[in-house]
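Following: one structure in structure tokens, then a few remarks.
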Amino acid sequence: MMNPNPGHPDAMHDEYDPQAIETAAQRYWDEHESFKAVEDSTREKFYCLSMFPYPSGRLHMGHVRNYTIGDVIARYQRMRGKNVLQPMGWDAFGLPAENAAIQHGIPPSQWTRSNIAYMKAQLQRLGFGYDWDRELATCDPDYYRWEQWLFTRLIDKGLAYRAKAVVNWDPVDQTVLANEQVIDGKGWRSGAPVERREIEQWSVRITDYAQELLDAIETLEGWPEQVRTMQRNWIGRSEGVYMEFGLAGSDAVLGIYTTRPDTLMGVTYMAVAADHPLAQEAARTDPTLAAFLDECRLGGASEAALETMEKKGHPLGRDALHPITGKRVPIYAANFVLMGYGTGAVMSVPAHDERDFHFACKYGLPIRPVVVPASWQGREIYIKTMTGTSVGHARLTGEYPVAGVTGEPGCDPLQWETWDERFEQPGILVDSGPFTGLTSAAAFDAIAAWLEERGRGHKRVNFRLRDWGVSRQRYWGCPIPVVRTADGGLRGETDLPVRLPEDVVVDGSGSPLKRMPAFSELANGETRETDTFDTFFESSWYYARYCCPDNDRAMLDERANYWLPVDQYVGGIEHAVLHLLYARFFHKLMRDEGLVSCDEPFTRLLTQGMVVAETWYREDAGGRKTWYNPADVEVTRDDKGKLIAAVLRADGQPVTFGGVEKMSKSKNNGVDPQVLIDRYGADTVRLYTMFTSPPDQSLEWSDEGVEGAARFLRRLWALAITERGERPAAAVAPGDAERAARREIHATLRKALYDYERHQFNTVVSGCMTIVNTLYRLEDSPAGRSVRREGLGLILRLLGPIAPHVAHHLWRELGFGDDILAAPWPMVDEEALVQDSIEYVVQVNGKVRAKVEVPADAERGAIERAALANDNVQRFVADGTVRKIVLVPNKLVNIVVG
RNA sequence: GCGCAGAUGGCGGAAUCGGUAGACGCGCUGGAUUUAGGUUCCAGUGCCGCAAGGCGUGGGGGUUCGAGUCCCCCUCUGCGCACCA
């Protein structure tokens, strides 16, 4: 029999079957190449990029969230008419592949490529609108050859150089460890105490770009303020003074940098790194010092480890000479000063620096206050060590000619026995010879000038940012394209790519490259560098390569200048500094090589929050915790919904709540997205992740919440199937109920459109839910059905970017068109919003006492009279006199009664 | 240790500007449908109180007719710290 309704698609099934409609929708997009991006100079482009994944094996919820956010933005911009590029690829080099190889004997390349295949299928199942033709993997020589090429250019330009860098050294495994592999100061495999070592490595001069990287942050208006602040602080521009202390009994000098030259007269000792030549020299004749220097090497190299470890020192037995007074100050070797950063030496002012203060107390060094707040003028200041011995004393009296400061001679002395943060603040110099009485700011200049005149120092801008050490002593990475010539010189490789051999055995005892003469030994006695690049190197430019991944003659071509900069970048907040700063830097390197024309790679940035879930555990007698997956825990609640008990389903015995934490293997609180996709379909998973939290906040997992998302899609489906088949006649006069419904729908739509623009997708979804609820309340009259159909048309487009499969299917099924991707973006009907009367909230002294209905065109006096006429308002006004009436148009009246 | 965020019902969260705190969803309670479980539908649900009303956005202070929102102090939690990606 023929379809009785040939103008319409086939009748729908009554049941929502996500697996079937999602497969069909994805096939449609595939056949129509819906997401293929083609350069077109006549159209406004939109490049939407999500941070590419490390191919760890399976997608986790964090990936699903990241890529859903990106896809929603890409599909939204596409529906707004932009020419959208949304690519995807693989950050394929890295440590986990080597670990997997050690554990399972699989070569890293094989492990990585099979993970990519599996995860790609998962991404496709989620319906993300990627242009897969542009897919790239960083372990592919066609990709990494270009960063090798750029690196040889950096060598030529002097932007890449060899320098010493501090690493974690495992003395048992004889290998360099990543910070992650150092646990409580010990190697993760050997358990041996880790040592800090300095080795020669390749470095890139990011500090040459420090000022530009800092200045350009001001132009990144589409970035979260939080990230901009973190980058500013990371770059850490400071203005200070470089100066040279003399060395007693020598012509040599000890150079240091300080941001507080105003405290120079308070220097009571110097601290140098254990690896400083002065310390090394002194240790040759001093066994206790030598032993101390050995001890200084213990511990991890991370900044957190260095800053939190116990600060220790040992005198070198020789003195430095103060650049102004010429007085002797002792030099200490200290474990918290590193040779790699700055000059490897610092001046120490215990009266005005907290770390120096504690160090001085510990070793009985003098504390000499030289700067005090102006308000302390006229007082005596004593600072004692924690052991109670008074070692410092300064006085500020009214005799110093400081503008705006009046003396209070005879006041009580101020005494401190512990550190006070006021010591650190700038103020007035005391007991500082020729600089006494100056403000800190004036003293800064005066002392710098004094030193400069005598050739002992000068002002200097300094950055906290350090050059980027890019060498890694690992196998699974991009080979550094450098050759050491027979005479010991270094040159960039010209025959590129330098291919990484993939047929290798990784056994954990260092990089296999170092044992492969076929790789490292070249003709004419030349040898190849066996270190590989930091994987941040690959991830610093992939966004540009997506524009022209097929170019085998150049790193980038003119297509990059069509698509770049990336209009919207989406990824985790954990990348706020490192990845995003390196990528900005790399972009400028490519710009200066003439490869791109813009100055910054990412116009707008969205940093998404973590995915977290409840944790549950049991503790055994020895205090060891066993963690149970939330899916295996049964929870009981009281009649207020409060949690009262939780047991493990398997044995019915209680488990303890361990808080809400980031999904992880160690806490066993991960949820496998694949299980959810199989059970509910991609649209439910996407809708849930968008609805539960705003994109930039953490998302707390809840099985019931997923149920709720699925329920909404079933409700939408059930509503839509009532409207399949014949279309109602065009114009049906609406009644009051329909007019009210339209007003609500369009008011909600207006809010949802605004929320789309500011990327607050959770409230877009609640808006859709509100509209569905409104549509359900409409009567089954022709007028009601007309509004329902209008509402469905709006909802499907609002939901299109978020739950694209069901939107695609219903759009066609209801006869709105062939392809919702081509539909115009919905618009608010302003006429639907017009109201005859307005409800005002009436407050008395700021407390809500009534609501009054007032004609929309009522004047101020009429509104106030209506408010005062209300019985309940009169009850609260009666006691006093009306002092003032505050009126907020269309909203609120506040009657102030005194 | 340093830098950056955050804190709102039983839970996730909402509240463009300083203007009705708690939208939407979950959970929970009662009811309907169902042989039952599930599903679905209807009603209720910040706390205290019979009510009138009072209290309420981590804690303490302040500005204002009015503060979740602005200012000061404090507490706790999360993220980053240069070799995890």
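We find that CZ of A:R228 is positioned 20 Å from P of B:G3, with the value rounded to whole Å. In this structure, A:L465 atom CG and B:A82 atom P are separated by 13 Å, rounded to whole Å. Distance, A:M690 CE to B:C24 C1': 16 Å, rounded to whole Å. Computed from coordinates, the A:N233 CG to B:G3 P distance equals 8 Å when rounded to whole Å. Distance CD (A:E634) to P (B:G27): 14 Å, rounded to an integer number of Å. Atoms CH2 (A:W717) and P (B:U40) sit 16 Å apart, rounded to a whole Å. When the C1' atom of B:A85 is taken as reference, atom CG of A:L580 falls 13 Å away, rounded to whole Å. In this structure, the CD atom of A:E307 is 5 Å from the C1' atom of B:G1, given to the nearest Å.
A:R228 forms no cation-pi arrangement with A:W223, by the criterion of a distance under 6.0 Å to the ring centre and an angle within 45° of the ring axis. Taking the centre and axis of the six-membered ring of A:W169, the NZ or CZ atom of A:R196 falls outside the cone set by 45° and 6.0 Å. Within the cation-pi definition used here (under 6.0 Å to the ring centroid, within 45° of the axis), A:R849 qualifies as a partner of A:F876. The cationic atom of A:R715 (NZ for Lys, CZ for Arg) lies less than 6.0 Å from the six-membered ring centre of A:Y776 and within 45° of the ring axis.
Here, B:A52 and B:U69 have their P atoms 29 Å apart, quoted to the whole Å. Rounded to a whole angstrom, the distance from the C1' atom of B:C28 to that of B:G9 is 12 Å. Across B:G22 and B:A14, the matching P atoms stand 15 Å from one another, rounded to whole Å. Distance noted for atom P between B:G6 and B:C72: 15 Å (whole Å). Atom P of B:G44 sits at a distance of 22 Å from the matching atom of B:G49, rounded to the whole Å. Between B:A7 and B:C74, the two C1' atoms lie 14 Å apart (nearest whole Å). Taking the C1' atoms as reference points, B:C17 lies 15 Å from B:U64, given to the whole Å. Separating the C1' atom of B:U8 from that of B:U57 is a span of 4 Å, rounded to the nearest Å.
Within the 4.0 Å cut-off from OP1 or OP2 of B:U39, not a single side-chain nitrogen or oxygen of A:R715 is found. Within the structure, a side-chain polar atom (N or O) of A:N179 is placed less than 4.0 Å from OP1 or OP2 of B:A82. Phosphate contact (OP1/OP2 of B:G13, side-chain N/O of A:Q760, threshold under 4.0 Å): absent. When the side-chain nitrogen and oxygen atoms of A:R711 are compared with OP1 and OP2 of B:U40, one or more of them lie within a distance under 4.0 Å. Note on A:K751: every side-chain N or O is 4.0 Å or more away from OP1 and OP2 of B:C24. The phosphate of B:A85 (OP1 or OP2) has a side-chain N or O of A:T535 nearer than 4.0 angstrom. Distances shorter than 4.0 Å separate none of the side-chain N or O atoms of A:R714 from OP1 or OP2 on B:U39. Contact check, A:R355 against B:C2: no side-chain N or O comes under 4.0 Å of OP1 or OP2. Taking side-chain N and O atoms only, A:R466 has no distance below 4.0 Å to OP1 or OP2 of B:A82.
Side-chain proximity of A:R875 to the nucleotides B:G25, B:C83, B:A52 is greatest for B:A52. Side-chain atoms of A:R849 lie closest to B:G53 of the nucleotides B:C4, B:G13, B:G53. For A:T763, counting side-chain heavy atoms from C-beta on, the closest listed nucleotide (B:A23, B:C81, B:C83) is B:A23. Candidate nucleotides B:C83, B:C26, B:G53 were compared by shortest atom distance to the side chain of A:F876, and B:G53 ranks first. In this structure, the nucleotide among B:C83, B:C26, B:G13 sitting nearest to the side chain of A:Q201 is B:C83. Among the nucleotides B:A82, B:C83, B:C24, the one closest to the side chain of A:R474 is B:C83. Of the candidates B:G13, B:G19, B:A82, B:G19 carries the atom nearest the A:L892 side chain, counting heavy atoms from C-beta on. Taking every side-chain heavy atom of A:Q697 into account, B:A14 is the closest of B:A14, B:C24, B:C83. Side-chain proximity of A:V841 to the nucleotides B:C11, B:U20, B:A23 is greatest for B:U20. Taking every side-chain heavy atom of A:V848 into account, B:U20 is the closest of B:G25, B:C55, B:U20.
Classified by its glycosidic torsion, B:G9 falls in the syn category, the angle being within 90° of 0. Syn is the conformation of B:C17, whose glycosidic angle sits no further than 90° from 0.
In A:D184, the CG atom is not crowded: 12 or fewer heavy atoms of neighbouring residues, nucleotides or ligands sit closer than 6.0 Å. Remark: A:E200 CD is packed, more than 12 non-hydrogen atoms of other residues, nucleotides or ligands lying under 6.0 Å away.
A:S698 comes within 4.0 angstrom of the backbone, heavy atoms only, and of no base.
Figure legend. B:G25 is base-paired to B:C11; pairs are counted as Watson-Crick or G-U wobble with both atom distances under 3.5 Å. When both pairing distances are held under 3.5 Å, B:G38 makes no Watson-Crick or G-U pair with any nucleotide shown. Using Watson-Crick or G-U wobble geometry with both donor-acceptor distances under 3.5 Å, B:G58 finds its partner in B:C74. The partner of B:G18 cannot be assigned: no Watson-Crick or G-U wobble pair with both contacts below 3.5 Å exists in any strand.
Between the CE atom of A:M339 and the NZ atom of A:K164 there is a distance of 9.0 Å, given to the nearest 0.5 Å.
Salt-bridge annotation for A:E614 and A:K667: absent, with no side-chain N of the basic residue lying under 4.0 Å from a carboxylate O of the acidic one.
Residues A:F359 and A:F336 bring their aromatic ring centres within 6.0 Å.
Aromatic ring orientation, A:W717 versus A:Y16: tilted (interplanar angle from 30° to 60°).
Partner of A:V852 under the side-chain contact (heavy atoms from CB on, under 4.5 Å) criterion, out of A:V842, A:L868, A:I863: A:V842 alone.
Remark: the A:K851 side chain and the B:U20 base include a donor-acceptor N/O pair separated by less than 3.5 Å. Evaluation of atom-type donor-acceptor distances gives no pair under 3.5 Å for the side chain of A:Q181 against the base of B:C83.
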- Heavy atoms under 4.0 Å is the rule here; annotate nucleotides 64-80 of chain B 5' to 3' with B where the base is hit, S where only the sugar-phosphate is, and - elsewhere. -B------------SSS
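Looking at A:V611 and A:V671, their side chains never come closer than 4.5 Å, going by heavy atoms from C-beta outward.
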